[in-house]
A.B. asks: 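Before anything else, here's the structure in question.
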Amino acid sequence: MTTRVAACALMLVIASCGSSVEDAPGEGAALFESRVLGGQAGCATCHSLTPDRVLVGPSLAGVGERAGNRVPGLSAEAYLLTSIVEPDAYVVEGFDSGRMPSNWGDVLSDDEIAALVDYLEGQ
Ligand code: HEC
């Protein structure tokens with residue numbers, strides 16, 4: 001009996017160790033909400049998730065639905081990824097280019113960026 005309990009506990013530990021960044025629920029949300037991310041002001045400093053609430057950048061409420069229609073031929077996922085790693089590639093109407101840091105691809109890991117894209121796709 002004790003052995004079985006121990007074996008189960010061990011299996012649980014292994015199972016939780018095995019989960020990747022993408023699987024961790026809330027990973028993207030936590031990154032997005034971080035005040036400081038990659039040594040600079042985080043996403044939520046400039047972007048709200050409240051409709052039409054403009055901080056420095058556009059509100060990202062509903063961005064998951066808009067993203068696929070922003071640039072002809074670009075999927076929501078591709079648009080969001082490009083908007084994060086190369087913000088000046090497509091500048092949102094009514095906003096200035098050069099305001100959003102363009103070095104996220106250097107300061108965040110691929111997994112972190114993927115988690116952010118996932119999170120925003122769900123908005
Ligand atoms: C210093 C302010 C600032 C920070 C920090 C910032 N952004 Fe931005 N972001 C902007 C501005 C301004 C725009 C609009 C101009 C443009 O398109 O580049 C924008 C545009 C975007 C867009 C395009 C939105 C749309 O409606 O098409 C996405 C997506 C985005 N940012 C995601 C992020 C994410 C994710 C982070 C954190 C990793 C982040 N931003 C950090 C200022 C910022």
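Atoms within each ligand, like the ligands themselves, are counted from 1 in listed order. Note that the numbering runs from 1 along the sequence shown for the chain.
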A.B. asks: How far is atom 13 (C) of ligand 1 from its nearest protein heavy atom, and which residue and atom is that?
C.D. replies: Pro58 CD, 3.4 Å
A.B. asks: Could you tell me whether a side-chain N or O of Arg70 sits under 3.5 Å from a main-chain N or O of Ala76, the two making a donor and an acceptor?
C.D. replies: no
A.B. asks: Atom 34 (C) of ligand 1: which protein heavy atom is closest, and how many Å away?
C.D. replies: Cys43 SG, 3.5 Å
A.B. asks: So, the side chain of Ser34 versus the backbone of Ala30: is there a donor-acceptor pair under 3.5 Å, distance only?
C.D. replies: yes
A.B. asks: Flag Ser83 as yes if one of its N/O/S atoms falls below 2.8 Å of atom 8 (Fe) of ligand 1, otherwise no.
C.D. replies: no
A.B. asks: Counting heavy atoms only, which of Arg99, Arg70, Arg66 comes nearest to atom 26 (O) of ligand 1?
C.D. replies: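 The nearest heavy atom belongs to Arg70.
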A.B. asks: Check whether any side-chain N or O of Ser59 sits under 3.5 Å from a backbone N or O of Thr50 as a donor-acceptor pair, and report yes or no.
C.D. replies: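 The answer is yes, because a donor-acceptor pair under 3.5 Å joins these two groups.
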A.B. asks: Can you tell me if, anywhere in His47, an N/O/S atom lies at a distance from atom 8 (Fe) of ligand 1 that is smaller than 2.8 Å?
C.D. replies: yes
A.B. asks: Is the shortest N/O to N/O distance between Val92 and ligand 1 below 3.5 Å?
C.D. replies: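 Yes; at least one N/O pair falls below 3.5 Å.
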A.B. asks: For Glu112 and Ser109, indicate whether the former's side chain and the latter's backbone hold a donor-acceptor pair under 3.5 Å.
C.D. replies: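 Yes.
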A.B. asks: Has Leu31 got any heavy atom lying under 4.0 angstrom from an atom of ligand 1?
C.D. replies: no
A.B. asks: Tell me whether ligand 1 is touched by Ser97 - counting only heavy atoms on the residue side and a distance under 4.0 Å.
C.D. replies: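 No, Ser97 has no heavy atom closer than 4.0 Å to ligand 1.
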A.B. asks: Have a look at ligand 1 and work out which part of Asp96, if any, has a heavy atom under 4.0 Å from it: side chain, backbone, both or neither.
C.D. replies: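 Only the backbone of Asp96 comes within reach of ligand 1.
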